[in-house]
Amino acid sequence: MKNIILIAPPAAGKGTLATQLKEKYHIPHISTGDILRDVAGRDDEIGMYVQETMSKGALVKDEIIYQLLEERIKEKDCQNGYILDGFPRNLEQAKRYDEILEAVGQSLGFVIILDVDKEVLKKRVTGRRICKDCGAIYNINIENNMPKKDSTCDVCSGALYQRSDDNLEAFEHRYQAYLDMTEPLIDYYGEKGVVRHVDGGVSKEATLKAVEEIILEKK
Ligand code: AMP
């Protein structure tokens with residue numbers, strides 16, 4: 001199976017897709033954010049530096065990311081493909097990733113971009129509600145995803161809340177940051193012929209199917 005770099009705007013369903021792929025194909029979902037959150041919990045110099053940097057929302061130093069990523073993709077569970085999420089974040093990281101792949105004998109695979117119309121994303125973001133007790137996620141703007149009773153979880157009857165960054169102002173900011181980050185990456189990978197656009201505005205089953213057709217492609 002081909003490796004994937006997964007790129008998607010906020011609320012496009014990246015987490016859902018990664019989970020579906022992970023469960024169906026038993027390939028690891030490598031999120032550099034998750035790796036760094038682990039490192040941030042360490043009681044050493046690097047742990048403290050990573051924690052401080054992440055809390056400011058800044059990017060962690062490249063050399064730290066490269067080392068962690070290289071170690072991770074060398075692991076046995078990555079040998080039949082993996083999903084990379086949160087990396088590369090810029091052109092420099094993309095170029096260095098090529099070198100890392102060569103050093104560890106892995107291939108680039110495909111860069112999958114989940115496309116979702118901006119108005120649809122806004123609807124998803126403003127309608128998202130989460131159960132404070134069991135974490136179940138609903139959407140009051142989407143017909144088949146609404147809770148049966150307003151503000152109450154169908155599963156455990158817990159109260160539903162809205163994340164503080166699930167508002168239009170924060171969304172605009174995150175969306176613009178996404179466009180700024182991805183444009184150079186799409187150009188870089190576009191020239192290599194590995195970019196594949198997938199419609200993330202349809203059902204999660206249909207999105208998964210479209211991704212499967214790409215990663216199982218025999219080349
Ligand atoms: P994420 O979970 O992808 O939103 O990442 C959370 C935080 O981890 C970011 O705000 C950065 O501080 C750090 N981080 C994640 N991926 C990278 C990366 N590729 N390069 C530098 N810092 C990163």
Side-chain angles (χ1 to χ4, degrees), residues 3-22 27-75 78 82-104 106 108-116 121 124-125 128 130 135 137 163-167 169-189 192 194-195 200:
N3 295 326
I4 314 173
I5 294 174
L6 200 50
I7 298 183
K14 188 169 66 170
T16 304
L17 174 64
T19 305
Q20 286 171 301
L21 289 169
K22 189 175 151 181
I27 52 174
H29 170 206
I30 304 174
S31 147
T32 46
D34 286 348
I35 293 178
L36 289 167
R37 274 182 279 276
D38 264 0
V39 173
R42 276 177 10 197
D43 195 14
D44 58 14
E45 208 178 317
I46 295 188
M48 281 184 319
Y49 158 75
V50 170
Q51 192 190 20
E52 204 185 309
T53 310
M54 287 180 85
S55 68
K56 286 190 248 166
L59 289 187
V60 168
K61 270 188 225 154
D62 283 344
E63 286 311 318
I64 294 181
I65 300 279
Y66 299 148
Q67 197 188 336
L68 291 166
L69 183 69
E70 181 166 340
E71 278 167 15
R72 183 65 189 90
I73 62 176
K74 269 190 195 155
E75 283 177 38
C78 292
Y82 56 83
I83 308 154
L84 190 53
D85 169 7
F87 183 95
R89 277 235 191 344
N90 52 45
L91 213 48
E92 209 174 312
Q93 291 189 353
K95 289 181 181 161
R96 183 61 178 265
Y97 182 47
D98 290 339
E99 291 170 22
I100 294 175
L101 288 171
E102 203 174 322
V104 303
Q106 277 279 13
L108 177 60
F110 289 113
V111 176
I112 292 187
I113 310 204
L114 269 188
D115 289 323
V116 183
L121 294 174
R124 289 187 184 171
V125 163
R128 180 155 56 186
I130 306 166
I137 299 173
R163 252 169 56 172
S164 62
D165 59 348
D166 276 350
N167 60 67
E169 200 185 329
F171 169 77
E172 286 293 346
H173 188 76
R174 287 158 68 203
Y175 189 75
Q176 191 55 48
Y178 167 77
L179 294 183
D180 293 344
M181 182 196 86
T182 49
E183 211 174 298
L185 293 178
I186 294 174
D187 288 350
Y188 181 72
Y189 286 125
K192 290 178 182 283
V194 296
V195 173

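For clarity, every value in this text was computed on a predicted model and none was experimentally measured. Counting starts at 1 for both ligands and their atoms, following the listed order.
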Worksheet entry | Cationic N near anionic O, under 4.0 Å, Glu70 to Arg96 | no
Worksheet item: Any idea which atoms of ligand 1 are less than 4.0 Å away from a heavy-atom of Ile65?
Response: 17 (C), 18 (C), 20 (N), 21 (C), 22 (N), 23 (C)
Response to the item:
Under 4.0 Å between heavy atoms, the region of Ala58 that gets near ligand 1 turns out to be backbone
Discussion item. Taking CD in Gln67 as the centre, count heavy atoms belonging to other residues, nucleotides or ligands within less than 6.0 Å. Is the count above 12?
Written reply: no
Worksheet entry | Residue, atom name and distance, where the atom is the protein heavy atom closest to atom 20 (N) of ligand 1 | Gln93 NE2, 2.9 Å
Discussion item. Looking only at protein heavy atoms, which one is nearest to atom 22 (N) of ligand 1, and what is the separation?
Written reply: Val60 N, 3.0 Å
Discussion item. Looking at every heavy atom in both Leu21 and Ile4, which two are closest together, and how far apart are they?
Written reply: CD1-CD1, 3.9 Å
Worksheet item: At their closest point, which heavy atom of Asp166 faces which heavy atom of Val125, and how far apart are they?
Response: CB-O, 3.4 Å
Discussion item. Heavy-atom pairs closer than 4.0 Å: do any link ligand 1 to the side chain of Leu59, the backbone, both, or neither?
Written reply: both
Response to the item:
In ligand 1, the atoms that come under 4.0 Å of a heavy atom of Met54 are 6 (C), 7 (C), 8 (O), 12 (O)
Response to the item:
In ligand 1, the atoms that come under 4.0 Å of a heavy atom of Gly86 are 16 (N), 17 (C), 18 (C), 19 (N)
Worksheet item: When you measure from atom 23 (C) of ligand 1 to each heavy atom in Leu68, Thr32, Leu36, which option holds the nearest one?
Response: Leu36
Discussion item. Within the 4.0 Å heavy-atom shell around Arg37, which atoms of ligand 1 are there?
Written reply: 2 (O), 6 (C)
Fill in: More than 12 heavy atoms of other groups within 6.0 Å of Glu172 CD
yes
Item to complete: Kindly indicate, with the supporting measurements, whether the criterion side chain to side chain donor-acceptor pair (under 3.5 Å) is fulfilled by Asp98 and Tyr188.
Response: CA-CA 12 Å; Asp98 290 339; Tyr188 181 72; 2.4 Å; yes
Worksheet item: Can you name the nearest heavy-atom pair linking Pro28 to Arg72, along with the distance?
Response: CB-NH2, 3.5 Å
Fill in: atom 4 (O) of ligand 1 [closest protein heavy-atom partner, distance rounded to 0.1 Å]
Arg89 NH2, 3.4 Å
